[in-house]
Every structure is written in C-alpha cells, then in structure tokens.
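Here the structure is a predicted model, which means the values were calculated and not measured.
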Amino acid sequence: MIQEQAITIRNLTEEISLLREQVAYLTQKRYGKSSEQKPMSGQTSLFGETNLDEDGELPRRRPRRDYYL
C-alpha cells in the first residue's frame with residue numbers, strides 16, 4: 001500500500017511539473033515581448049482604408065472646443 005502511494009505521489013509530482021512548464025510556455029507566448037508586435041485578428045492599422053480621402057490622406061479632425069476646465 002505504501003509503495004502504491006509512493007508511485008501515485010511520483011506520478012502526480014511529474015504531472016505537476018509538466019503542467020507548470022505548460023503554464024510558463026503559454027504565459028510567455030501570450031504576454032511575452034513578441035505578443036505586442038503581432039497584429040490581433042488580422043488588424044494591421046487603427047484606420048481602415050475606407051477612412052482615406054480622395055487624395056489618399058486621412059481626414060483631419062477639428063480641435064474640440066466644447067470641453068470644460
């Protein structure tokens with residue numbers, strides 16, 4: 001019975017070790033340095049090409065004057 005418990009403990013310890021490696025890998029993959037360099041869901045820019053004027057430039061915004069100090 002003690003041998004069975006020792007084998008179970010060893011197997012569970014190995015499984016915990018593998019799961020910790022997976023968590024570390026997936027955390028690095030999700031939040032690592034290169035995660036901010038890849039566009040999410042195919043988005044390549046903040047402005048779609050439909051927002052361009054006839055001359056190919058982005059429309060200019062007027063400064064907002066209705067703010068309160």
Side-chain angles (χ1 to χ4, degrees):
M1 176 152 170
I2 294 178
Q3 283 183 330
E4 292 175 6
Q5 289 177 344
I7 292 172
T8 301
I9 290 172
R10 187 178 321 117
N11 290 339
L12 291 174
T13 304
E14 289 175 5
E15 185 176 357
I16 288 172
S17 176
L18 291 174
L19 290 173
R20 286 184 179 178
E21 287 179 25
Q22 287 179 349
V23 168
Y25 170 75
L26 293 173
T27 301
Q28 176 64 31
K29 186 176 178 182
R30 175 69 174 111
Y31 299 109
K33 183 177 179 182
S34 65
S35 69
E36 302 227 355
Q37 297 173 355
K38 297 178 185 176
M40 299 282 290
S41 69
Q43 180 182 358
T44 56
S45 69
L46 293 176
F47 304 102
E49 286 147 31
T50 57
N51 290 342
L52 298 177
D53 280 344
E54 297 83 32
D55 58 356
E57 293 186 13
L58 292 173
R60 297 188 185 263
R61 291 183 59 180
R62 291 184 289 163
R64 190 170 176 184
R65 299 190 190 277
D66 61 339
Y67 56 87
Y68 297 98
L69 295 177

Sequence neighbours left out, what passes side-chain contact (heavy atoms from CB on, under 4.5 Å) with T13? Give chain and number order.
I9
Mind checking who shares a hydrophobic cluster with Y25, ILVMFWY linked at side-chain heavy-atom distances under 4.5 Å?
L26
Who are the side-chain contact (heavy atoms from CB on, under 4.5 Å) partners of E4, not counting sequence neighbours?
none
Those residues that, when tested against R10, pass side-chain contact (heavy atoms from CB on, under 4.5 Å) (two or more places apart)
I7, E14
Can you list the residues that meet the side-chain contact (heavy atoms from CB on, under 4.5 Å) rule with L12, with sequence neighbours excluded?
T8, E15
